[in-house]
Participant: 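Take a look at the following structure, please.
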Amino acid sequence: MNTLLIPTDFSPVADNALTYALNMAKAYQLDITLFHVVQVSNLITPDAVYLDSIPGYEAQANEKMDEKVAFLKAQYPDLNITHKVTTGLFLDSMKDFCDEINPVALVMGITGDGGAVDKIIGSNAVLAMNSLAYPMIVVPKQGQFKPLQKICMACDLRQVVTSTPLLPIKAFVKLTNAELHLLNIDFNNRHFTPETADELKTLDDMLDSVEHKFHFIDNENIQEAIDDFITREHMDLLIMIPKKHSFFDSLFHKSKTKEMLYHSHIPVLALHQR
């Protein structure tokens, strides 16, 4: 489907991501689907939802959703906006619904400083990004949509044929008509191998149908190098492709992924390897 899927808990963080998605849908002629999960739990916690209380929670959630959708349809009359409320475990419910509608991307919000409360609020976004095999846009706390002109993707130039999610990359570049800037970061040629030049040519050939440029930076701190580049070159979106057994492990293992999301000033598009 030609749909952006926005999971929501009706919080300000979720509403900001929703606003981003609405403006993105308007710019690129996409549909919007809001999704709320009334989460059940087997654990005895203050926030647990028990079986005998589910109908009450569902009624409240449906009422909130109906009000929000009615308001949004009045604000965005040209957009096709649908919604769904379900009950279950968050990730299982998300996966099942994604499999059903095959969205262009999920859009979720995350707060900005990585403090204790932020990590609780952002945990579902990080969990979804690490667990679901669908494109996902993570919108920072103050993130506001503007038409995408420059997209940055960090690449390590290793096994590019099997590790590059080519179809979604091309789809997003063509959808937005943006320039794709591929960023390779090394330090004193530590990761340069006899195969690097061939991998570079292969990736260049794979992307021949979209406008793209390569950039090479010498910096020992990968995260710092990415931050400096996206700021200096005015990037509008950062593509992250978590990869195992590569020199990006130090950046993309779970704790570093969280830090990248919490501190990024631009939205992050998470894609998974093929």
Side-chain angles (χ1 to χ4, degrees), residues 3-27 30 32-39 41 45-47 49 57 60-72 75-76 79 81-91 93-95 97-98 103-132 134-146 148 227 230 236-240 254-270:
T3 300
L4 294 176
L5 174 60
I6 302 90
T8 181
D9 59 2
F10 309 109
S11 67
V13 171
D15 283 346
N16 186 64
L18 173 58
T19 299
Y20 184 96
L22 288 162
N23 288 312
M24 182 175 181
K26 187 175 180 180
L30 301 171
I32 289 286
T33 296
L34 277 73
F35 186 61
H36 177 74
V37 180
V38 178
Q39 295 193 65
S41 174
T45 69
D47 298 325
V49 176
Y57 277 93
Q60 293 176 24
N62 276 295
E63 183 177 349
K64 283 185 179 179
M65 184 67 85
D66 288 343
E67 290 177 358
K68 182 169 287 291
V69 170
F71 173 79
L72 294 176
Q75 296 294 111
Y76 298 86
L79 290 183
I81 302 174
T82 58
H83 66 280
K84 181 174 182 178
V85 175
T86 190
T87 298
L89 299 175
F90 177 74
L91 276 183
S93 301
M94 286 292 300
K95 182 182 183 305
F97 195 49
C98 285
V104 171
L106 290 81
V107 183
M108 296 186 71
I110 199 164
T111 48
D113 59 22
V117 174
D118 287 347
K119 291 179 180 179
I120 294 171
I121 294 172
S123 61
N124 277 343
V126 175
L127 203 60
M129 190 199 69
N130 287 328
S131 303
L132 301 177
Y134 290 86
M136 178 172 166
I137 299 172
V138 181
V139 181
K141 184 177 182 178
Q142 304 298 332
Q144 296 182 350
F145 176 79
K146 64 175 183 177
L148 304 181
D227 287 341
I230 63 178
D236 302 309
L237 183 74
L238 171 64
I239 295 178
M240 290 177 60
K254 288 184 180 179
S255 63
K256 291 297 184 181
T257 298
K258 289 181 183 180
E259 292 304 313
M260 197 72 185
L261 294 179
Y262 289 131
H263 295 294
S264 177
H265 299 297
I266 63 173
V268 173
L269 170 61

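Below, each value reflects all heavy atoms present in this structure, side chains not excepted, and no hydrogens, waters or symmetry copies.
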Participant: To the nearest 0.5 Å, tell me how far L34 CG sits from K64 NZ.
Facilitator: 13.5 Å
Participant: Going by the side-chain contact (heavy atoms from CB on, under 4.5 Å) test, name the single residue among T82, I81, V69 that passes it with I32.
Facilitator: I81
Participant: Under 4.5 Å between any side-chain heavy atoms of M65 and T8, yes or no?
Facilitator: yes
Participant: Below 4.5 Å, heavy atoms only, C-beta onward: do D66 and H83 meet side chain to side chain?
Facilitator: yes
Participant: With rounding to the nearest 0.5 angstrom, report the CD1 to CG distance, I137 to L5.
Facilitator: 11.5 Å
Participant: Which atom pair, heavy atoms only, marks the closest approach of A17 to G109?
Facilitator: CB-N, 3.4 Å
Participant: Take atom CD in Q75; do more than 12 heavy atoms of anything else shown fall under 6.0 Å from it?
Facilitator: yes
Participant: Looking only at heavy atoms, what is the nearest atom pair of Y20 and P267, with distance?
Facilitator: OH-CG, 3.5 Å
Participant: Is there side-chain contact between I6 and L22, with at least one heavy-atom pair below 4.5 Å?
Facilitator: no
Participant: Do P135 and V104 come close enough that some side-chain heavy atom pair is under 4.5 Å?
Facilitator: no
Participant: If you define the side chain from C-beta out and look only at heavy atoms, does anything of K68 sit under 4.5 Å from L18?
Facilitator: yes
Participant: Could you tell me which non-hydrogen atom of F35 sits nearest to which non-hydrogen atom of S93, and how far apart they are?
Facilitator: CZ-O, 3.8 Å
Participant: Compare every heavy atom of V85 with every heavy atom of A61, then report the nearest pair and how far apart it is.
Facilitator: CB-CG1, 3.9 Å
Participant: Once you round to the nearest 0.5 Å, how far does NZ of K146 lie from CG of D236?
Facilitator: 4.5 Å
Participant: Rounded to the nearest 0.5 Å, how far does CG of L106 lie from OG1 of T3?
Facilitator: 11.0 Å
Participant: Is the shortest heavy-atom distance from the side chain of Y76 to the side chain of N23 under 4.5 Å?
Facilitator: yes
Participant: Take the angle between the ring planes of H36 and F10 and call it parallel below 30°, perpendicular above 60°, tilted in between.
Facilitator: tilted
Participant: Can you name the nearest heavy-atom pair linking D9 to A14, along with the distance?
Facilitator: OD1-CB, 3.4 Å
Participant: What distance separates L237 CG from M24 CE, expressed to the nearest 0.5 Å?
Facilitator: 7.5 Å
Participant: Could you tell me the separation between the CE atom of M94 and the CG atom of L91, rounded to the nearest 0.5 Å?
Facilitator: 8.0 Å
